[in-house]
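Atom set for the values below is all heavy atoms of this structure, side chains included, hydrogens, waters and symmetry mates excluded. All chains are named by letter (A, B, ...) in the order of the sequence lines, taking the proteins before the strands, and each is independently numbered beginning at 1.
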Amino acid sequence: MEVRVRYAPSPTGLQHIGGVRTALFNYFFARANGGKFILRVEDTDRERYSDESLQDLFDTLEWLGITWDEGPVVGGPYGPYIQSERFDIYRKYAEQLVADGKAYYCYCTPERLEKLREEQQASKSEQQGYDRHCRNLTAQQRADYEAQGIRPVIRLKVPMDGKTTFHDVLMGDISRRNRDVSPDPVLLKSDGFPTYHLANVIDDHLMHITHIMRAQEWIPSGPLHILLYEAFGWEPPVYCHLPMVMGKDGQKLSKRHGSTSVRDFRAKGYLPEALMNYVSLVGWSYDGQTEFFSKEELEKVFSLEKINKAPGVFDYKKLDWFNGQYIRRKSDAELAPLLVPYLQEAGLVDTPPTISQQEIVDKMVPVMKERLKVLSDIVDLSRFLFVVLPPPSVEELLPKNQDAATTLKALEEGYAILRSGLEDELSDETIEQALSDLAGKLAIKVNGVFMPIRVAVTGSSVSPPLFDSIRLVGFDKTFARIERAIEILKDEVHKNG
RNA sequence: GUCUCCAUCGUCUAGUGGUUAGGACAACGGGUUUUCAUCCCGUCAACAGGGGUUCGACUCCCCUUGGAGAUGCCA
């Protein structure tokens, strides 16, 4: 039988790491088994629905390169794949359940239910949840409620005794006494929309889903879903509950742990291949040894058996490492255009970049590449190439344990050596050696010569290699910046002097 | 409160009765280097606890502890 799996997010927020991990696992599983990957939009919560979320879903999957065989936009034989467009289907099935005596109308108001819940929580009652108030209403009572104009919900009549078991590929058999199953959950809301439980079961059946891979937070609902399948007389699919993705503190990953939406990661300059690679390794491993996987490899090699049961902590540091690795694997030509948008956003280059700006970008890529963890790092790293640098302070110009007079001398003489060396087109090594010799002559550390030059030229004590930086900045600007620094030091020396 | 699930280095994990318990990230130390970064080398670091089963348990069973999730007219 052909494998058919689905990712069924609800467009009530941005796609986050956990959701995407679920999507990826489903997608890889489908591909690895020559099956179909189906996308279904579960937009039955009208309160929280947003167009932005739906768009974000599409953007995210596209960015990751995840395509679906059936779903919105592409269609398919069991559509529509957007639940709000399947509105009538759910009522039909829910009413059939009522007709079969497996579900019933409930007229309880949200207010009553809220009060009930509060009381139960306060009294730490053993029975939490709906009290089945409407489970056995007489025809007369129902008529009275109807007369009041109350729009009822439909609730499932969960058996009061016995137990329900479902099988999970990873976890084995999981069973629950029926009295511990959610007491008569709502299937169809008063607005006519289905709840997750109803829509999910109906659609998975109608769409011939063979395997359900979803987060472990759904385990408690497993028996309930089995009960629904039984009520309809349908065969349940194979279940595989995925370990949850946690934050550093072991709690379910959320905003307070940092960025969780794919959109944020993308904006900061994470590469899709890096994010995909790393996320795939949370809760799944190949051999505990191999760690780099391309999308194509994962589509071949992914398997359910290697999924871990225990929840995994999302490690931002390791993601950074992966991202750096993937950045370094890019060719310069590939990387340059990825960097430009960050420079534009920071106002360092024009849109489109001028010819000279583009020249600098192309030239700086090989130098910057190994210094990037995320693409946006390029902004601070390369700022000195694009802006008029503010004059450095004396403190910035002075290396550790070196006074202004000495530094001035080192910078003046160093500048002379550097300038003539560059103008005579001597090799970098030759000029470096001459500058080192100068340090020896002045009886100071090598750094005492190089650092003031670096700060003068780049505005920072941390920069790409000096000669690379100088070439990138250009000789004229370099000389001007050094001369300015010399003046600053001169002023300082005279002032104290 | 009740129910369900889970448990190997700080983190992600390999391991399915006999291993010096392996790898990666992080941390730390060192090397390369004019700074930073990259790169290379090394160090630290784990089977939650207690009972069983067995000739032998990280591996199987039970209990405890710890963690998580569910308990909505949200998914």
B:rA14 pairs with, by Watson-Crick or G-U criteria that keep both distances under 3.5 Å: none

side-chain N/O A:K306 vs B:rG15 OP1/OP2, d < 4.0 Å: yes

Heavy-atom closest contact (A:N26 atom, A:M213 atom, distance): ND2-O, 3.1 Å

Donor-acceptor pair under 3.5 Å, A:T12 side chain vs B:rC74 base: no

Nucleotide opposite B:rC5 in a Watson-Crick or G-U pair, distances under 3.5 Å: B:rG67

Whole-angstrom distance between B:rG15 and B:rC74, as gauged at atom C1': 40 Å

Nucleotide opposite B:rU20 in a Watson-Crick or G-U pair, distances under 3.5 Å: none

Sugar-phosphate, base or nothing in reach of A:L466, heavy atoms under 4.0 Å: base

Any-strand Watson-Crick or G-U partner of B:rC39, both distances under 3.5 Å: B:rG31

Donor-acceptor contact below 3.5 Å, side chain A:Y7 vs main chain A:W68: no

A:F302: which of A:W284, A:F293, A:Y286 passes ring-ring contact (aromatic ring centres under 6.0 Å, His included): A:W284

Electrostatic pair A:R112-A:D131, nearest N-O below 4.0 angstrom: yes

Inter-nucleotide P distance (B:rC6, B:rA14), Å rounded: 15 Å

Distance below 4.0 Å between A:R328 side-chain N/O and B:rC39 OP1 or OP2: yes

Residue matched to B:rU59 through Watson-Crick or wobble contacts both under 3.5 angstrom: none

